[in-house]
Amino acid sequence: QVDVGAMARLFGYVDVTDGAFAAAVLCIAFNPLFWNVVARWEHKTRALSRALGSPRTACYCLGTVILLLNCVRSHCFTEAMKSQPRLEGLDCRWTYLLGLAILAVGTVFVISSFLALGFVGTFLGDYFGILMEAKVTSFPFSVLDNPMYWGSTAVYLGWALM
């Protein structure tokens with residue numbers, strides 16, 4: 001038998017009927033789906049590279065679109081967080097400070113990943129045939145296998161706690 005009490009308590013803290021919540025969920029799901037589909041399509045067809053004149057130009061264009069989509073996702077996430085009920089037990093100074101610390105660590109991982117990979121390395125350059133000379137093993141890759149993903153996750157977790 002399934003205990004539905006836990007789900008009922010969870011839905012007491014999450015308003016799934018909220019439009020801002022639905023928009024955030026859609027953006028969170030759409031973004032990686034979009035860039036993976038487009039990058040794999042480019043890898044198979046080279047259509048963007050041909051249409052835009054070069055793989056580097058196509059990669060910069062896709063990277064710019066990804067950045068814009070991430071801004072929309074962040075906005076939707078922020079609006080959803082503002083409109084959702086708050087857990088009283090988490091509505092205190094220590095939770096805010098913990099969220100701030102998690103957000104800061106996540107930001108360090110995201111920025112240091114970007115600096116280690118560069119724009120093209122960060123935004124799917126390998127799918128465009130633009131390869132790095134060697135595997136990046138410096139920080140933060142010396143600490144985590146996927147520091148950009150873990151860092152982004154930490155940023156959103158910290159943001160939610162704040």
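Both backbone and side-chain heavy atoms feed into the values below; hydrogens, waters and symmetry mates do not.
Side-chain contact check for Val65 versus Cys61: every heavy-atom pair is 4.5 Å or farther apart. You'll find the side chain of Leu115 reaches within 4.5 Å of the side chain of Ile111, heavy atoms only.
Residue Phe119 qualifies as enclosed at atom CZ: its count of foreign heavy atoms under 6.0 Å is above 12.
Applying the ring pair (Phe, Tyr, Trp, His ring centres under 6.0 Å) test to pairs two or more places apart or on separate chains, those with a residue in residues 67-90 are Phe77-Tyr156, Phe77-Trp159. For residues 96-108, no residue pair satisfies the salt bridge (charged side-chain N to carboxylate O under 4.0 Å, His left out) rule, not counting sequence neighbours. Counting only residues at least two apart or in different chains, salt bridge (charged side-chain N to carboxylate O under 4.0 Å, His left out) contacts with residues 65-81 comprise Glu79-Lys82.
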Would you be so kind as to tabulate the donor-acceptor pairs closer than 3.5 Å made by side chains of residues 88-107, with sequence neighbours excluded?
unit_1, atom_1, unit_2, atom_2, d
Asp91, OD1, Arg86, NH2, 3.0
Thr95, OG1, Leu90, O, 3.2
Thr107, OG1, Leu103, O, 2.8

Please list every donor-acceptor pair under 3.5 Å in which a side-chain atom of residues 132-147 meets a protein atom from a residue at least two apart or in another chain.
none

Quiz: residues 19-31 side-chain donor-acceptor pairs under 3.5 angstrom, not counting sequence neighbours:
unit_1, atom_1, unit_2, atom_2, d
Asn31, ND2, Leu69, O, 3.1
Asn31, ND2, Asn70, OD1, 3.3

Donor-acceptor pairs are to be reported for all side-chain atoms of residues 32-58 against protein atoms at under 3.5 Å, with residues two or more places apart or in another chain.
unit_1, atom_1, unit_2, atom_2, d
Asn36, ND2, Pro32, O, 2.8
Glu42, OE1, Ala47, N, 3.4
Glu42, OE1, Leu48, N, 2.7
Glu42, OE1, Ser49, N, 3.3
Glu42, OE2, Ser49, N, 3.4
Glu42, OE2, Ser49, OG, 2.5
Thr45, OG1, Trp41, O, 2.8
Thr45, OG1, Ala47, N, 3.1
Arg46, NH1, Tyr127, O, 2.5
Arg50, NH1, Thr45, O, 2.6
Arg50, NH2, Thr45, O, 3.4
Ser54, OG, Thr57, N, 3.1
Ser54, OG, Thr57, OG1, 2.9

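Note on Phe109: it does not cluster hydrophobically with Val155, by side-chain heavy-atom contacts below 4.5 Å among ILVMFWY residues. Hydrophobic clustering places Val120 together with Phe114 (ILVMFWY residues linked when any side-chain heavy atoms are closer than 4.5 Å, directly or through intermediates). When the side chains of ILVMFWY residues are joined at heavy-atom separations under 4.5 Å, either directly or via intervening members, Leu157 and Val110 end up in two distinct hydrophobic clusters.
Atom-to-atom distance recorded for Leu68:CG and Thr64:OG1 is 7.0 Å, nearest 0.5 angstrom.
Residues Cys59 and Ile130 share a closest heavy-atom pair of CB-CD1, 4.2 Å.
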* Under the side-chain contact (heavy atoms from CB on, under 4.5 Å) criterion, do Val72 and Cys76 qualify, and how do the steps go? -> CA-CA 6 Å; Val72 172; Cys76 289; 4.2 Å; yes
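For Asp15, the side chain to side chain donor-acceptor pair (under 3.5 Å) test picks out Thr17, with sequence neighbours left out.
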